[in-house]
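Model, not experiment: these values are computed from the prediction.
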Amino acid sequence: MHLWRKLAERGWLSTHENILQTRSPGRLVIISRPGRKRLQLEIACTSGGDSRKLIEEFGGHAEKWPRDWLKRFADPRRSKPLKIGKRLIVARSINGDVHRCSVRCLQRIPPRSDKSSALRTAHATAPSKKTPLLVIPASAAFGTGEHATTAMSLRLLERVTRKWKDDWSLADLRTGSRILALAAKRFGAGRVTGIDIDPKAVSIAKANARLNKIDKVNFRLSDLRKWKPAGARDIVAANLYSELLIEILPKLKRSNWLILSGVLRRQENRLLRALRRNNMEAVNVKRRGKWIAVLANRRGLLTPLDRPPKNKNLR
């Protein structure tokens, strides 16, 4: 792998960001450091030719990473499982990871026998003794659960579906490893679609589904700008950059709930205005570091999240 890097002023980035995103969909990383005016831009390239083209067009420099870079990055000893509410644990491997969980995982907590506790934790997809495990190995596809945008999206998905019955629907738009699509199946979703423009990401998503013994997920290769939704979904999850999110919002407004991430804090107000223009309302905004994730729904459609909607199986 080759890593292209460039230090850039904010003005330069605002002029070139859309072009960079088009050249390398979903792979542009923008790093802001306290006390420094310039931003560090990074794009992972699969070949030296791709990195040279970026240098010729935008300047900067490239580094060739060692062949075993993925093995070093994927060392499970450097990673701890991610707990998503009481309904899911995301880990990089099956052996050993769950036992090193830094939070009080339910595998370690004996179930309480009192009736009130049973009522609080009862859910059709959650076993009484163990929290379901989702294994997402580190890979070239984005979305292993460790990045702030992915973790916030998972927690919003868990929260909004906590009291829903099974068989709801979700579309997962270009989130690399399809972690949200697979988590949705663990949470009880019925009709789930995962869409990505990168054939390698679709291949990895299918492998992750097989690894977790999850079936009936429709993984598709498509450009979101040309994508035509086949009907509304209960939830659409999209981990994209803000310009693309705003561009495709008119396609998403028929869905009941949106989980939108990949957006920088400085872009929050622009995204919220775009939601209002499309008759959507932000219900919850999570912030972590420089990133935000937004949970939105159609205005006036559903009751607050602490009470289940009257019709939880919207089709």
Test: Lys286 cationic atom under 6.0 Å from Trp291 six-membered ring centre, within 45° of axis: no
Test item: Leu245 and Val263 side chains (from C-beta on) under 4.5 Å apart, heavy atoms: yes
From CZ (Arg52) to CD (Glu56), nearest 0.5 Å: 8.0 Å
pair Leu258-Met280: side-chain heavy atoms closer than 4.5 Å: yes
Heavy-atom side-chain contact between Leu41 and Trp12 under 4.5 Å: yes
Path from Trp227 to Ile197 over hydrophobic side-chain contacts below 4.5 Å: no
Nearest atoms (heavy-atom pairs only) where Cys45 meets Trp4: SG-CB, 4.4 Å
Minimum heavy-atom distance Leu224-Lys251, with the two atoms named: O-NZ, 2.8 Å
Min side-chain heavy-atom separation Leu157-Leu170 under 4.5 Å: yes
Spatial distance of atom CG (Leu82) from atom CG (Leu154) [nearest 0.5 Å]: 6.5 Å
Geometric class of the Trp257/Trp164 ring pair [parallel <30°, tilted 30-60°, perpendicular >60°]: tilted
Under 3.5 Å: donor-acceptor pair, side chain of Lys206, backbone of Phe219: no
Stepwise side-chain hydrogen bond (donor to acceptor under 3.5 Å, both in side chains) check, Ser255 with Arg298: CA-CA 8 Å; Ser255 299; Arg298 282 196 282 154; over 6 Å; no
Nearest-0.5 Å distance, CD of residue Gln40 to CD of residue Glu42: 4.5 Å
Side-chain donor-acceptor pair present, Asn239, Thr149, cut-off under 3.5 Å: yes
Heavy-atom side-chain proximity of Arg10 to Lys37 below 4.5 angstrom: no
Test salt bridge (charged side-chain N to carboxylate O under 4.0 Å, His left out) applied to Glu17 - qualifying residues, sequence neighbours left out: none
Euclidean distance, Gln21 CD relative to Asn18 CG, rounded to 0.5 Å: 7.5 Å
Audit row: Ile214, Leu134, side-chain contact (heavy atoms from CB on, under 4.5 Å) steps and yes/no: CA-CA 10 Å; Ile214 293 175; Leu134 186 62; 4.0 Å; yes
Glu268/Arg287 ion pair, N-O < 4.0 Å: yes
Interatomic spacing from OG in Ser153 to CD1 in Ile84 - rounded to 0.5 Å: 10.0 Å
Check: Ile43 and Lys6 side chains under 4.5 Å, non-hydrogen atoms: no
Closest non-hydrogen atom pair between Arg162 and Arg87, with its separation: CA-NH1, 3.1 Å
Ile235 to Ile259 - nearest heavy-atom pair and separation: CG2-CD1, 4.1 Å
Validation row: Leu173, Val236 side chains within 4.5 angstrom (heavy atoms): yes
Arg254 atom CZ: more than 12 heavy-atom contacts under 6.0 Å: no
Audit row: Leu182, Asn208, side-chain contact (heavy atoms from CB on, under 4.5 Å) steps and yes/no: CA-CA 8 Å; Leu182 301 179; Asn208 287 337; 3.7 Å; yes
Validation row: Leu88, Phe187 side chains within 4.5 angstrom (heavy atoms): yes
Exercise: identify the closest heavy-atom pair between Ala148 and Arg288: CB-CD, 3.7 Å
Asn218 CG to Thr193 OG1 distance, which is reported to the nearest 0.5 Å: 5.0 Å
Residue pairs, two or more places apart or on separate chains, that pass side chain to side chain donor-acceptor pair (under 3.5 Å) and touch residues 271-282: none
salt_bridge(Glu57, Lys53) N-O dist < 4.0 Å: no
